[in-house]
J.: 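Got a structure for you, written out below as structure tokens; questions coming shortly.
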Amino acid sequence: MNSKFRYKNPKKFNRKDSATKKMARNRIDPDVFFSNESKSFQELSKKDVNKSYSFRARIEEIKQTSGPTVFTLYDASSTIKATAFVSAGKRAFPELQIGDIISTNASVSERDSSIEIEMKKAFRLEGEKKNSYLKRLETVVDAKSKPVDRPFLIKSDTLDKLRPEMMRIAAAVRKAIFENRPIILRHHADCDGYSGAFALEQAILPLIKEQHGDESAQWHYFTRSPSKAPFYEYTDVVRDLSFTIENMARFGQKAPLVLLVDNGSTEEDLLSIRKLRIYDVEVCVVDHHYPGEVKNGKVLVDDYVKHHVNPYKIGSDMNLCAGILATELARMINDDMEKLSYIPALAATGDRSKGEEIDKYFQISEKMGFTREYLKDLAECIDFEAHYIRFMESRGLVADILGKDLDRQKKIVSLLIDDIKAKKAQVLEVTKHYAQLEELSDRIILKLDADKVTSRGDYPAIGKTVGMTHDHFKEQKAKPVISLGLGPDFVTIRVSDGLDININSIVKELKHELPNAAIDGGGHEHAGTVKFMEAAKDEVLQNLFAKLKK
Ligand code: MN
């Protein structure tokens, strides 16, 4: 079936195929020969079924089925599935490889209501023809990769400073889509992380559909996964790479672009990010967690990621949360995102962001009919749902509760919210009773025994439990409160405004002071976790309390 071989040995050809004969006799370039009517993949419709055309395209992927060989072809307008059959399970056109530019004569067919083509003949283009085609593809991809350049939803100096890097991520995402590169979106599994991921997903999926002219492409070229920890855990990267390596080996899929949202900025993300780099996987980060010391506008992870948006890098703080940044980024990726203008306010509600900019986002959401009360309930429901979704993608469930279908969202909120409130009220009764309060001159230290005020696996988990207990006492007491959820090998911490405490710095200090305790953790300045080895618990708590009481 080698095309060159056939071309040079006219005797091998089927005599009845007069066109082929003619080509062989006249030594006609097969590419010129295939000049019967031509269409782009995007132009094909059901009306073309059973008609034959000639196409030029690049081979993107090859999959051998138990029946035909299935090629994914790309011609700058769209990808298409192209089947070729010699006998069951046997590779057709074995001389053709991924990345080849081919000229093919194929008939149009329909399968599962998608348009496909069936390759009758196919030749690899070489030399000048190949190069000029590659150049054309590159020009098209570059043109399509240009992000949408438009104002942010609100006026903000901070956002303006972040704009150049955001535009670079938008371009990288669009480029991945238009060069048929899969995208893996990883996000923190809380309301903020889900909000940002949802906005990006809604921006990306329609473009993938457009690029491939096919509904099913959204499952092949895009995955979103929640991460339980507020960083890209090693278990997450193992999972992502396992699928990636398999897809690359089995189908010749390209190395994915990994987008980290509400994750990715910190030292704790580094190992996983560096593991991806070994496989040539590019990483873009949209985060607002404290990224460590900023030197010349750069932080630790910047040496390993392609682009990194984080307000700390330009001297700001965590208030412009990941859901806000990601929604603004989504608007640079796709120009049809107005429906999701309430997402920043939702994310800010979840992460309790404050400030002038946040108020402007609330004005936008209010105009769209989302009251602050409703957003609070919705954020609770998202956290509740996230607790049970765990590590699943659950694209449909997530899209509905985040607002793809607003009617359904309202139904879900009104179904869940009373239950959630009842559960939380019950837990608060417990924690109010069993919390130990230590009153100091300028602050109150509140301690909860994590194992004794939560039920394993149930909602709310310890972080949330400490958070709501903290809120309750913060309201009641005149002095600022530091709340601690004490576990066997961790302490969850919440700190009232007005106290000069940074949990990330405490983690750093403890690491230095207690090298035997295997200290880890972090988070935000006033909300985070210190992790340690259980054997070191007493020492860690002693040192930690000393710092919190200062
Ligand atoms: Mn966040």
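When a ligand or atom number is given, it counts from 1 through the structure's own listing order. On a predicted model such as this, the values are computed, not experimentally measured, just so you know.
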J.: Would you say D287 reaches the Mn ion (ligand 1) with an N/O/S atom under 2.8 Å?
T.: no
J.: Out of the candidates N310, D317, D192, only one should pair with H288 under the side chain to side chain donor-acceptor pair (under 3.5 Å) rule; please name it.
T.: D192
J.: Using only N, O or S atoms, tell me which atom of D351 is closest to the Mn ion (ligand 1).
T.: OD2
J.: Which atom name would you report as the N, O or S atom of D192 nearest the Mn ion (ligand 1)?
T.: OD2
J.: Strictly under 2.8 Å, is the Mn ion (ligand 1) approached by any N, O or S atom of D262?
T.: yes
J.: For L329 versus A170, what's the shortest heavy-atom pair and its separation?
T.: CD1-N, 3.6 Å
J.: Could you check whether atom CG of D458 has more than 12 heavy atoms from other residues, nucleotides or ligands sitting under 6.0 Å from it?
T.: yes
J.: A cation-pi test, strictly: NZ or CZ of K254 under 6.0 Å from the centre of the six-membered ring of Y221 and no more than 45 degrees from its axis. Yes or no?
T.: no
J.: Quick check on the Mn ion (ligand 1): does H288 put an N/O/S atom closer than 2.8 Å to it?
T.: yes
J.: So which heavy atom on I314 is nearest to which on K161, and how close?
T.: CD1-CB, 3.9 Å
